[in-house]
Protein chains: 2
Amino acid sequence: MARSDSAGGSGGNSRLSVQDWVQAGFRILADDGLKALTIDRLCKRLGVTKGSFYWHFTDMKAYRNALVDTWAAVRDADRGDFDALSDIPPRERLSHMMTALVGPSHWMLERAMREWARSQDSVAAAVRSSDQRVLAAVRQVFLDDGFAPDEADMRANATFAAGIGVLHLAGSRPSSRAVDWREQFLDVMLRH
Amino acid sequence: MARSDSAGGSGGNSRLSVQDWVQAGFRILADDGLKALTIDRLCKRLGVTKGSFYWHFTDMKAYRNALVDTWAAVRDADRGDFDALSDIPPRERLSHMMTALVGPSHWMLERAMREWARSQDSVAAAVRSSDQRVLAAVRQVFLDDGFAPDEADMRANATFAAGIGVLHLAGSRPSSRAVDWREQFLDVMLRH
DNA sequence: ACCTGAACACCGTTCAAGT
DNA sequence: ACCTGAACACCGTTCAAGT
């Protein structure tokens, strides 16, 4: 096998960084799903052998943790965008958040993370702490809309749970019907 | 398929039925979770070799289908119990349904089914059709409570999605706090 | 009809050896 | 420091052969 030059990545350097492995993993997840994410496939994509993987990561568990950490950072960045929009009315803000949660690009990743969380405590902890931050932002919307703290808490949890439920129930990408549905649902949740 | 020898007892060198394999699978799932459900482990539990498994099932996929079919039958039986309670007030009926969905014994199984559904279309179809029946029962509650068909539809979907979300967000068994939360949530959903 | 036993492919993991 | 190459264990799958 002739070793193909580099992985088409940044700089075309022959040596790999942790981030190279992480990015390759994200691409595989998006292209072919959870089951396709195997060490062999990663190595083929990066043009190295398995030993290289085990120099960068102690095992598959550690590699998943690296993926989850990067995912959590991206998620936090998204949440930062919400904070920037804190001057627009609560109703619209909530609509934005729901769209982002169930939304297009994160869709596959969200599912993968939650799937790993079920069999790996370290992933579960990272997902939970990321969820907490999103929940706090949703709760703030209800507070801003004039609900008492307890009520805001309950409604934020309900809204978030429904979002996660939709994520798991959806067989495919959210349809336009789902968008209508979402708006009606938010009407109910924001009703005083 | 209706041949049931001395199932349940260990030690009988009698021949195995499909249901013997299914029941052994449920026990492994409940005891040690999804990852423990391997052909080797099933064989050790039943005291046979792998060849036996492959005489009863064409592959692991087919075996999972058998498990899902049995699960769907049990779920339908539960739903039958709801129908019997159609004379009690909507609010209480909904409370019962939510408790059963998120509830104790089916908990582990529900998750396993939905996990398989993600990577196997036949399982996804079975889960979806079972979900549809539950959804219809929830929708009926809202109709009985006086909501218009469209409203009932939307609220049933929201209630169900929230239930599934809670199922996936829960790290452990539902706490007593979760029960309070559930009642408050139902109050909002049933508010006219 | 129902099962054994041995084989094979695939994948995660290890490690001595190379640059 | 970073990677190769060969080995091993585990698990799903196949199949000829046994009862």
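Chain letters run A, B, ... following the sequence lines, proteins first, then strands; residues in each count from 1.
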Discussion item. Check this one for me: any side-chain N or O of B/H56 less than 4.0 Å away from OP1 or OP2 of C/dA1?
Written reply: no

Worksheet item: Any luck finding a side-chain donor-acceptor pair between A/D83 and A/S86 under 3.5 Å?
Response: no

Discussion item. Check this for me: A/D150, atom CG, are more than 12 non-hydrogen atoms of other residues, nucleotides or ligands nearer than 6.0 Å?
Written reply: no

Worksheet item: CZ of B/R64 versus C1' of D/dG12: gap in Å, rounded?
Response: 11 Å

Discussion item. Looking only at the side chain of B/D59 (C-beta and beyond, no hydrogens), which of the listed nucleotides D/dC3, C/dG5, D/dT13 gets closest?
Written reply: D/dT13

Worksheet item: Whole-Å distance between D/dG12 P and B/K44 NZ?
Response: 13 Å

Worksheet item: Taking the side chain of A/S52 as its heavy atoms from C-beta onward, which of D/dA1, C/dT4, D/dT4 lies nearest to it?
Response: D/dT4

Worksheet item: Per the atom types in the model, does the base of D/dG12 pair as donor or acceptor with the side chain of B/K50 at under 3.5 Å?
Response: yes

Worksheet item: Taking only residues two or more places apart in sequence, or in another chain, which ones meet B/F26 in a ring-ring contact (aromatic ring centres under 6.0 Å, His included)?
Response: none

Worksheet item: Does any non-hydrogen side-chain atom of A/R182 lie less than 4.5 Å from one of A/V166?
Response: no

Item to complete: Take atom CZ of B/R41 and atom P of D/dG12, then tell me their distance rounded to the nearest Å.
Response: 12 Å

Worksheet item: For the pair made of OH in B/Y54 and C1' in D/dA17, what is the distance, rounded to whole Å?
Response: 19 Å

Worksheet, complete the sentence: Pairs under 3.5 Å (Watson-Crick or G-U), crossing ones as [ ], inter-strand ones as |: DNA chain C comes out as ||.|||||...|||||.||

Worksheet item: Testing B/R91, B/E92, B/M97 for side-chain contact (heavy atoms from CB on, under 4.5 Å) with B/L186, which one passes?
Response: B/R91

Worksheet item: In whole Å, what is the span from the CZ atom of B/F57 to the P atom of C/dC3?
Response: 11 Å

Item to complete: Show your reasoning for whether side-chain hydrogen bond (donor to acceptor under 3.5 Å, both in side chains) applies to B/D144 and B/Q140.
Response: CA-CA 6 Å; B/D144 289 352; B/Q140 190 58 50; 2.9 Å; yes

Worksheet item: Is the CZ atom of A/R177 crowded by more than 12 outside heavy atoms at less than 6.0 Å?
Response: no

Worksheet, complete the sentence: note: B/D40, atom CG; D/dA9, atom C1'; distance rounded to Å ~ 12 Å

Worksheet item: Is any side-chain N or O of A/T38 closer than 4.0 Å to OP1 or OP2 of C/dC10?
Response: no

Fill in: Among C/dG5, D/dG12, D/dG5, the nucleotide that comes nearest once only the side chain of B/I39 is considered
D/dG12

Worksheet item: Nearest-Å distance, CZ (A/F53) to P (D/dA6)?
Response: 21 Å

Discussion item. Please report the distance, rounded to the nearest Å, between CG in A/L42 and C1' in C/dG12.
Written reply: 12 Å

